[in-house]
Visitor: 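Just dropping this structure here.
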Amino acid sequence: AAKYYVDCSGNAAVIRRRLDIDIEAPTLLRNIAHWDYFSRAGLNASLLEGAVIRILIRSIEYGWLWYIVLSDDRSSVGLVCNAEYYKNSGKRPEEIFKESIARQPQIAELLKGSTPRGKVESTTDWSYVSKQVQGPNWFLCGESLGFADPILSAGLTLTHTCAEHLACTILELERGQMEATWLRAQYESIQKRRVLQHIKFAEYWYSSNGLFT
């Protein structure tokens, strides 16, 4: 029996799901992501000149592709598309992923001669925020608390700042010099607001790029 329980289990959300806590999930941001890793000697030489470009985001007709530079020789490449579109396409993850790369000339050119890892992974990419993020002896933190669409590449920033805020909150609860209800309420309101703000930013991006033309 611990004094505090912190759910840092990401989308698995062990405590949140066990307590049957609802989430708010905007219908506009119900996407699915497929990704793999590609390698070739000097793969990213053209992008790393001046050590400036690390991430490319490129639209296609039914979604968008990410190209993330991991090292000189290795990149993460992924497709994000509407979950309903993917379902109706009837295509396997490997099939739609390969077709999508071929549709985007810049990414297709960058990957010429590279070797894929050969294992296309998939996950639902639905944005959400938990309706409750703390209780008498428990807290949600990071993606168990909320997730904003990856178009903004804000996932780790949101997670790390949330963890820092929670660590400070627990320290202050232990010191007992500040009002406990206020500390908990501040953590809940600030972290929910930050995730919802990023969801709003993502909704704005998708509303302006809905048809990807």
Side-chain angles (χ1 to χ4, degrees), residues 7 9-14 16-38 55-68 75-108 110-111 116-133 140 142-159 191-213:
D7 188 345
S9 61
N11 191 42
V14 175
R16 191 192 78 219
R17 294 176 192 273
R18 192 66 180 266
L19 294 177
D20 201 25
I21 296 170
D22 287 336
I23 59 170
E24 300 173 39
T27 56
L28 184 64
L29 300 178
R30 293 177 180 247
N31 297 319
I32 191 163
H34 308 291
W35 72 94
D36 199 355
Y37 299 89
F38 293 78
I55 300 177
L56 296 176
I57 300 294
R58 294 293 179 265
S59 292
I60 54 177
E61 301 95 306
Y62 46 82
W64 58 273
L65 292 162
W66 78 67
Y67 183 104
I68 302 174
S75 292
S76 164
V77 182
L79 163 70
V80 176
C81 68
N82 178 268
E84 194 67 24
Y85 175 89
Y86 170 65
K87 181 181 176 182
N88 293 334
S89 74
K91 296 175 180 176
R92 293 178 293 106
E94 296 82 2
E95 187 180 0
I96 194 170
F97 181 64
K98 188 175 180 181
E99 287 179 6
S100 300
I101 290 173
R103 284 175 180 268
Q104 213 299 309
Q106 185 181 12
I107 291 179
L110 284 166
L111 292 176
R117 180 190 56 171
K119 179 187 175 185
V120 175
E121 297 185 65
S122 303
T123 188
T124 54
D125 242 347
W126 291 7
S127 297
Y128 61 86
V129 65
S130 178
K131 290 187 176 179
Q132 182 182 353
V133 306
L140 306 182
E143 288 187 9
S144 67
L145 183 153
F147 174 78
D149 190 276
I151 186 62
L152 300 169
S153 295
L156 287 175
T157 299
L158 286 170
T159 294
Q191 295 309 321
K192 286 176 71 172
R193 184 171 71 245
R194 292 178 71 247
V195 175
L196 287 169
Q197 284 172 341
H198 279 77
I199 289 174
K200 286 294 182 187
F201 294 151
E203 284 180 331
Y204 177 76
W205 189 90
Y206 280 99
S207 68
S208 300
N209 293 272
L211 298 177
F212 299 97
T213 57

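No hydrogens, no waters, no symmetry mates; every other heavy atom, side chains included, goes into these values. Only a predicted model underlies this, so the values are computations on that prediction, with no experimental measurement involved.
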Visitor: Could you tell me the separation between the CZ atom of Arg103 and the OG atom of Ser59, rounded to the nearest 0.5 Å?
Guide: 13.5 Å
Visitor: Taking side chain to side chain contact (heavy atoms under 4.5 Å, CB included) as the criterion, tell me which of Ile23, Asp149, Asn31 meets it with Ser127.
Guide: Asp149
Visitor: Measure the SG-NZ distance between Cys81 and Lys91 for me, rounded to the nearest 0.5 Å.
Guide: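 Here the interatomic distance stands at 10.0 Å.
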Visitor: Any luck finding a side-chain donor-acceptor pair between Gln191 and Arg194 under 3.5 Å?
Guide: yes
Visitor: List the atom of Gln132, the atom of Leu140, and the distance in Å for their closest heavy-atom pair.
Guide: O-CD1, 3.4 Å
Visitor: Is the shortest heavy-atom distance from the side chain of Asn11 to the side chain of Arg17 under 4.5 Å?
Guide: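 Answer yes - side chains close enough.
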Visitor: With side chain to side chain contact (heavy atoms under 4.5 Å, CB included) as the test, pick out the partner of Val120 among Arg92, Glu95, Lys98, Glu94.
Guide: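 Considering Arg92, Glu95, Lys98, Glu94, a side chain to side chain contact (heavy atoms under 4.5 Å, CB included) with Val120 is found only for Glu94.
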Visitor: Can you tell if the side chain of Ile151 reaches within under 4.5 Å of the side chain of Ile57, non-hydrogen atoms only?
Guide: yes
Visitor: Write down the atom of Asp36, the atom of Gly118, and the distance for their closest heavy-atom approach.
Guide: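 Smallest interatomic distance, heavy atoms only, reads OD2-N, 3.1 Å.
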Visitor: Does a side-chain heavy-atom distance below 4.5 Å link Ile107 with Phe38?
Guide: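 No, side chains not in contact.
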Visitor: Considering non-hydrogen atoms only, spot the tightest contact between Glu24 and Lys131 and give its length.
Guide: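 Smallest interatomic distance, heavy atoms only, reads CG-CE, 3.7 Å.
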Visitor: Classify the ring geometry between His198 and Phe201 as parallel (under 30°), tilted (30 to 60°) or perpendicular (over 60°).
Guide: perpendicular
Visitor: Kindly write out the residues that satisfy salt bridge (charged side-chain N to carboxylate O under 4.0 Å, His left out) with Glu121, not counting sequence neighbours, or none if the list is empty.
Guide: Arg117
Visitor: So, taking the atom named CD in Gln106 and the one named OH in Tyr67, what distance separates them when rounded to the nearest 0.5 Å?
Guide: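 Between Gln106 CD and Tyr67 OH, I get 9.5 Å after rounding to 0.5 Å.
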Visitor: Any chance you could measure Thr123, atom OG1, to Trp35, atom CH2, to the nearest 0.5 Å?
Guide: 5.5 Å
Visitor: Going by heavy atoms in the side chains, are Glu143 and Tyr128 under 4.5 Å from each other?
Guide: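 They are in contact (side-chain heavy atoms under 4.5 Å apart), so the answer is yes.
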Visitor: Salt-bridged, Lys200 to Glu203, with N to O below 4.0 Å?
Guide: yes
Visitor: Identify the heavy atoms of Asp7 and Ser144 that sit nearest to each other, and give their distance.
Guide: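 Taking Asp7 first and Ser144 second, the nearest heavy atoms are O-OG, 2.7 Å.
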Visitor: Heavy atoms, side chains only, cut-off 4.5 Å: are Leu79 and Ile60 in contact?
Guide: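 Yes, at least one pair of side-chain atoms sits under 4.5 Å.
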Visitor: Mind checking what makes side-chain hydrogen bond (donor to acceptor under 3.5 Å, both in side chains) contact with Arg16, not counting sequence neighbours?
Guide: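 Listed in chain order: nothing, the list is empty.
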Visitor: Specify the closest pair of heavy atoms between Ile96 and Ser100, including all atoms of both residues, with the distance to one decimal.
Guide: O-OG, 2.6 Å
Visitor: Going by heavy atoms in the side chains, are Ser122 and Phe97 under 4.5 Å from each other?
Guide: no
Visitor: A side-chain contact here means heavy atoms from C-beta on lying under 4.5 Å apart; do Tyr86 and His34 qualify?
Guide: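 Yes, close enough: below the 4.5 Å cut-off.
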